[in-house]
Amino acid sequence: MLDQIHLLAAVTVLGVLEQAYFFLQVIYARRVFGISPPKISGPPEFERIFRAQVNSSEYFPIFLALLWQAGLFFHQGLAAALGLLYLCSRYCYVKGYRTSSSERLAPMYFSAGVLWVLLAAAALGILHFFLSHYVGLDVLRLLTV
């Protein structure tokens, strides 16, 4: 079974490390700008770093759920590759947001697109499982005939 989930696990660990990096960026920005918790407002530079981290954290559970469902029900390799694209785009999002609010837009739209593709792969994989398991209809075999 591990050979069916090792890529998903690796992408998950990378994602957790990326989230930790984003958290550390906020801690560092708090020190630089002298903003003690629980304050979340300050100079625009701090607020952009803080919002980038919060936004990334908000989407992380959605990403993980779709990554694993697409990987388990559709294709592990495709899901892992999409997962890497998502993590890269989130890194670019945070990096761009640090510079200015408008710099975050392209990576934000790209990462949202990756989530939609993961959602489609997960939905198709789950639909195929239900059709073959409960209805006895193997759509993939019908398509190859």
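Note: hydrogens, waters and symmetry copies are ignored here, and every other heavy atom, side chains too, is used. By convention here, the first residue in the shown sequence is residue 1.
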- [ ] Would you indicate whether F23, at its atom CZ, is surrounded by more than 12 heavy atoms from other residues, nucleotides or ligands within a distance under 6.0 Å?
- [x]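 Correct, the count exceeds 12.
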
Task: Neighbour count >12 (heavy atoms, 6.0 Å) for atom OH, Y91 - done: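 No, OH of Y91 has 12 or fewer neighbouring heavy atoms, counting only those of other groups under 6.0 Å.
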
- [ ] Please step through side chain to side chain donor-acceptor pair (under 3.5 Å) for the pair N55 and Y97, ending with a clear verdict.
- [x] CA-CA 11 Å; N55 291 347; Y97 210 165; 4.7 Å; no

Min side-chain heavy-atom separation [X]-[Y] under 4.5 Å:
| X | Y | value |
| --- | --- | --- |
| K95 | T99 | no |
| V117 | L78 | no |
| P107 | R90 | no |
| V94 | R104 | no |
| L119 | L115 | no |
| S56 | Y93 | yes |

Is the backbone of [Y] close enough, under 3.5 Å, to the side chain of [X] for a donor and an acceptor to pair up by distance?
| X | Y | answer |
| --- | --- | --- |
| S89 | Y86 | yes |
| R30 | K39 | yes |
| Q76 | H6 | yes |

Task: ring-ring contact (aromatic ring centres under 6.0 Å, His included) partners of F73, counting only residues at least two apart - done: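 Testing F73 for ring-ring contact (aromatic ring centres under 6.0 Å, His included), a comparison that skips the adjacent residues, returns F129.
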
Task: Listed partners of Y59 passing ring-ring contact (aromatic ring centres under 6.0 Å, His included), at least two apart - done: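 If we apply the ring-ring contact (aromatic ring centres under 6.0 Å, His included) test to Y59, skipping adjacent residues, there are no hits.
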
Open item on the list: Working to the nearest 0.5 angstrom, can you tell me the gap between H128 NE2 and L137 CG?
Closed with: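 Answer for the NE2-CG pair, H128 versus L137, is 8.0 Å.
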
Task: Minimum-distance pair of heavy atoms, taken over all atoms of E103 and G96 - done: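 Heavy atoms of E103 and G96 come nearest at CB-O, 3.1 Å.
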
